[in-house]
Amino acid sequence: MEAQMQSRPQTTPGTWLRTMSGAGALTLLLTAPASLAQQPASDDAARQAFNNSCRTCHSVKEGDNRLGPNLNKIVGRKAGSLPNYNYSPSMKEAGFVWDQDKLTRFMVKPDEIVSGNKMQPYGGVSAEEAAKVVGYLQAAGSQ
């Protein structure tokens, strides 16, 4: 009796690895929550930075003014211009529009940006934390 051998296609280790890694990537994409696919990993760190440094006095919800004004859509807003908030005279007269750089510098050393402002951050904010907060504010304001 003659044994029949079936021919199998020859595969190299590289072909096998590419096939397996492609399948693994597809599985990961199909099983990852939609929120992870849409948000970079740094979002949690940025939200935490806001919560640690700002949330006691500020909100990102429009109209929710607290001890400090709400920070919804702060990037691109004229300083001291939010209705229904009692800004210091110096903030009302600041004459600039908030951008990433001004916000970051204001959180680190508020009096260097607007002398006589009412904001006194607890223990100060590092430039790194301030940059995370600005990123969070931009993301929260665009939703």
Side-chain angles (χ1 to χ4, degrees), residues 4-143:
Q4 252 186 346
M5 294 186 68
Q6 294 180 349
S7 72
R8 291 191 303 188
Q10 294 291 324
T11 59
T12 63
T15 303
W16 182 82
L17 286 173
R18 280 193 299 275
T19 302
M20 293 307 293
S21 65
L26 182 59
T27 300
L28 181 61
L29 284 174
L30 293 174
T31 60
S35 61
L36 290 178
Q38 295 172 2
Q39 297 176 354
S42 63
D43 279 359
D44 287 337
R47 181 181 300 112
Q48 189 64 46
F50 174 81
N51 289 344
N52 291 345
S53 302
C54 311
R55 189 177 67 175
T56 299
C57 300
H58 296 279
S59 169
V60 293
K61 183 178 176 189
E62 187 175 358
D64 185 10
N65 296 323
R66 298 178 180 182
L67 184 57
N70 80 73
L71 301 177
N72 183 281
K73 299 180 183 175
I74 183 74
V75 176
R77 183 194 309 162
K78 184 178 181 216
S81 67
L82 191 65
N84 303 318
Y85 183 76
N86 185 24
Y87 290 98
S88 66
S90 58
M91 187 62 78
K92 287 179 187 177
E93 297 167 6
F96 63 81
V97 172
W98 291 111
D99 61 17
Q100 293 176 339
D101 179 60
K102 277 245 195 286
L103 276 171
T104 302
R105 293 183 352 204
F106 183 75
M107 283 184 263
V108 175
K109 294 185 180 176
D111 285 331
E112 288 185 8
I113 303 301
V114 180
S115 180
N117 70 81
K118 296 192 301 187
M119 188 174 96
Q120 297 301 317
Y122 298 98
V125 178
S126 71
E128 181 182 337
E129 287 296 298
K132 288 178 188 177
V133 169
V134 171
Y136 173 73
L137 293 173
Q138 287 182 296
S142 67
Q143 296 175 358

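Just so you know, these numbers use all the heavy atoms, side chains as well, and skip hydrogens, waters and symmetry mates. We count residues from 1, following the sequence as given.
- Checked against salt bridge (Lys or Arg N to Asp or Glu O under 4.0 Å), Asp111 has no partners two or more places apart in sequence or in another chain.
- Across Asp44 and Arg47, no two heavy atoms sit closer than the pair OD1-NH1, 3.2 Å.
- Counting all heavy atoms, side chain and backbone alike, Lys78 lies closest to Gly95 at CE-CA, 4.4 Å.
- Pairs engaging residues 53-73 under the ring pair (Phe, Tyr, Trp, His ring centres under 6.0 Å) rule: none recorded [sequence neighbours left out].
- Although no hydrogens or angles enter the test, the distance criterion places a donor-acceptor pair under 3.5 Å between the side chain of Asn72 and the main chain of Val60.
- Annotation: Arg55, atom CZ; neighbour count of heavy atoms from other residues, nucleotides and ligands within 6.0 Å does not exceed 12.
- Residues Ile113 and Trp98 come closest through the heavy atom pair CG2-CZ3, 4.5 Å.
- A donor-acceptor pair is defined here as one N or O able to donate and one able to accept, closer than 3.5 Å; no such pair exists between the side chain of Lys118 and the backbone of Met91.
- Under the rule for a side chain to side chain donor-acceptor pair (under 3.5 Å), the partners of Gln48 that lie at least two apart in sequence or sit in another chain are Asn52.
- Under the salt bridge (Lys or Arg N to Asp or Glu O under 4.0 Å) criterion, Asp99 pairs with no residue at all, not counting sequence neighbours.
- Val125 approaches Met107 most closely through the heavy-atom pair CB-O, 3.7 Å.
- Checking side-chain atoms of Asn70 against main-chain N and O of Asn65 turns up no donor-acceptor pair under 3.5 Å.
- At distances below 3.5 Å, at least one donor-acceptor pair connects side-chain atoms of Tyr85 with backbone N or O atoms of Leu67.
- Not counting sequence neighbours, the partners of Ser88 by the side chain to side chain donor-acceptor pair (under 3.5 Å) test are Ser90.
- Glu128 is linked by a salt bridge (Lys or Arg N to Asp or Glu O under 4.0 Å) to Lys132, counting only residues two or more places apart in sequence or in another chain.
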